[in-house]
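Here's the structure we're looking at; comments come further down.
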Amino acid sequence: MEHLYLPPSLRYFTPLRVLHGSPGEHACFEYDLVEALRPELVVDVGAGNALPFAVFCQSMQDHDVDGLAYAIDVWENDDTREARGDASFTSLNNFFHAHHRFAYLLRRDPEGALAHFADGSIDLLRFDLARISYPPRELFDAWIPKVAPGGALVCAGIVEGSTGREHWRARLPSSFVFEAQALGVAVFDSSGGEEPDHDLLRSLRAPDEPGHRALAAFYEHARRHHALMIEVGEHGTELVRKRT
Amino acid sequence: MLPYLPKSLELVPKRMGFSTWVDHLAFGYDLVGALRPDVLVELGTQSGVSYFCFCQAVREHGLATRCYAVDTWQGDAHTSAYDEGVWNEVSAHNAAHYSDFSTLQRMLFEEALGRFESESIDLLHIDGYHTYDAVRGDFESWYPKVRPGGIVLFHDIAARLLDFGAWRFWNELMTTHETFWFKHGFGLGVLRKPGPARQAPLLDYLFSKDEAVVHTLRAFYVHAAIHLELTRKKRRLDARRSKTSASP
């Protein structure tokens, strides 16, 4: 049975942080996940340009989630152009200081950051395997115990055929994967074993292939909608500039 | 959960024009797909923005609907008199795309009334002259022609300008019938005649007793209208870009 679903990302989300015309491939999903989960502790390991981290923080703020958020990365030896510009450590620090005072950047590698977080304490943990040089298996073994009961784990870069994907599937066999973007999502059991009371979290936990495909299609629509908003808006500005 | 993701989110309307109905195109398109009407009648077609959206839905959903547009194509006190060019464009568009199932009836509504049997119309769209008496008269004349379980649409039920009175008649209908209404695009009322109803998710949402569902449905089709507008703007920008890049 189809279900009428219009999440916050399509009702009122206007991304604060946009790089190269995009708030990130999964911005809508990330925004809605925070609204659903209401995490009091968010940790992003391999935060990089911090687009997803900024979406998490914006959603926390928009939905009055009284929490803390930590982005972890070394932010060095990175010769991409964006890292030198809007995604440099200084620029990121300025952005989060200006917009989200509950958010902090930890300039550490994943191993060095591990000791800062107790087991079972993180409500929303994110990895970006593309930015982490550790073997995925060791990363998962070290960090997954940090996730709180009822919390969620999001993992970017679990490309089909990669060892990251292999270990993800082995460790979290019934989790949700946005195949087109190689993004894995796992919502953990709550301490009491009860089902979440939010549609999105229930969908992510349901071992229902058609449901997962439909949810992925829905978020593809949401992504295209935001891309249109940004492109139409930006190009409008461009035209105005040309005219003047 | 299977999120509702209707076909209208991919809609590229073949017929556009200046009309507040533009905001309801996505809904109209999906309603036809959900209701699968055998007979569809529109009273007051003007440039055909809503009517040809219905026709496009019939075609793209692969339905066997017979569609009828009734209008004098001469205008009224609210629209002012039409140029004959409006009729020429509408009839040309109909001939080019939908003549196998769509008929334009260029006459007064009361002249067309006798051409339809009682309880034969599955979807009736009332969008003629918008005074209270005119809308009430159209409804009272045509309601017997609507099949039990069929749907009647009313446009402009949120328009409070000039001597428009659709809003006042709609307020009366809401107390006696199963209804839903959109507030955007000058308002669109949806009324279901009692009787055996078709089953489809959209029809369940429309007439749900759950206020949260009703509220979400309104918001969903505002989103769909915005999405359609963005896709149209994007196409216009792309056209301008290619024009600019082609020019020396």
Side-chain angles (χ1 to χ4, degrees), chain A residues 1-14 21 28-29 32 36 176 187 195-243, chain B residues 1-12 26-27 30-31 33-34 180 182 184 198-245 247:
Chain A
M1 175 64 186
E2 285 183 337
H3 181 92
L4 194 56
Y5 178 60
L6 190 69
S9 63
L10 291 182
R11 287 177 187 260
Y12 46 77
F13 175 39
T14 305
C28 291
F29 173 73
D32 294 336
F176 182 96
V187 178
E195 274 298 293
D197 63 357
H198 195 288
D199 287 340
L200 178 58
L201 300 180
R202 276 199 302 275
S203 292
L204 292 167
R205 283 176 59 83
D208 162 24
E209 278 297 322
H212 284 190
R213 277 199 303 277
L215 195 63
F218 185 88
Y219 276 102
E220 174 56 18
H221 163 72
R223 186 196 65 74
R224 285 192 292 115
H225 183 76
H226 275 264
L228 278 172
M229 282 202 294
I230 290 167
E231 185 178 355
V232 168
E234 281 195 347
H235 195 72
T237 313
E238 205 177 292
L239 289 174
V240 169
R241 266 204 308 271
K242 275 182 188 165
R243 276 196 213 108
Chain B
M1 171 175 73
L2 292 173
Y4 178 61
L5 200 61
K7 226 174 151 176
S8 66
L9 295 173
E10 304 293 334
L11 172 63
V12 180
F27 172 72
D30 291 334
L31 179 65
F180 172 93
F182 289 108
H184 65 299
R198 293 253 158 96
Q199 298 296 308
L202 176 57
L203 300 174
D204 292 342
Y205 306 146
L206 276 170
F207 302 107
S208 171
K209 303 294 175 212
D210 183 341
E211 271 303 309
V213 170
V214 168
H215 180 74
T216 304
L217 188 64
R218 283 201 184 105
F220 189 94
Y221 277 101
V222 170
H223 163 74
I226 294 168
H227 188 72
L228 184 59
E229 190 182 337
L230 287 171
T231 55
R232 290 174 55 220
K233 279 184 180 169
K234 167 79 163 64
R235 277 196 300 277
R236 285 202 296 268
L237 287 170
D238 286 346
R240 269 191 248 175
R241 279 174 183 153
S242 41
K243 215 172 171 182
T244 309
S245 61
S247 63

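Chain identifiers are assigned alphabetically (A, B, ...) following the order of the sequence lines, protein sequences preceding nucleic acid strands; residue numbering begins at 1 within each chain.
Within the model, atoms CE of M1(B) and CG of L204(A) stand 8.0 Å from one another, a figure rounded to the nearest 0.5 Å. Taking CD of E2(A) as the reference point, atom CG of D204(B) lies at 10.5 Å (rounded to 0.5 Å). In this structure, CZ in R235(B) is found 9.5 Å from CG in L228(A), a value given to the nearest 0.5 Å. Note that CG of L5(B) and NE2 of H3(A) are 13.5 Å apart. Values are rounded to the nearest 0.5 Å. To the nearest 0.5 Å, the span separating CD on E231(A) from CG on D238(B) amounts to 6.5 Å. In this structure, CG on L6(A) lies 14.0 Å from CZ on R218(B), to the nearest 0.5 angstrom.
Counting heavy-atom pairs closer than 4.5 Å to chain A, the top residue among K234(B), R236(B), H227(B) is H227(B). The residue among T216(B), I226(B), L217(B) with the most heavy atom pairs within less than 4.5 Å of chain A is T216(B).
For a residue to count as touching a neighbouring chain, one of its non-hydrogen atoms must lie under 4.5 Å from one of that chain's; by this rule F220(B) touches chain A with backbone and side chain alike.
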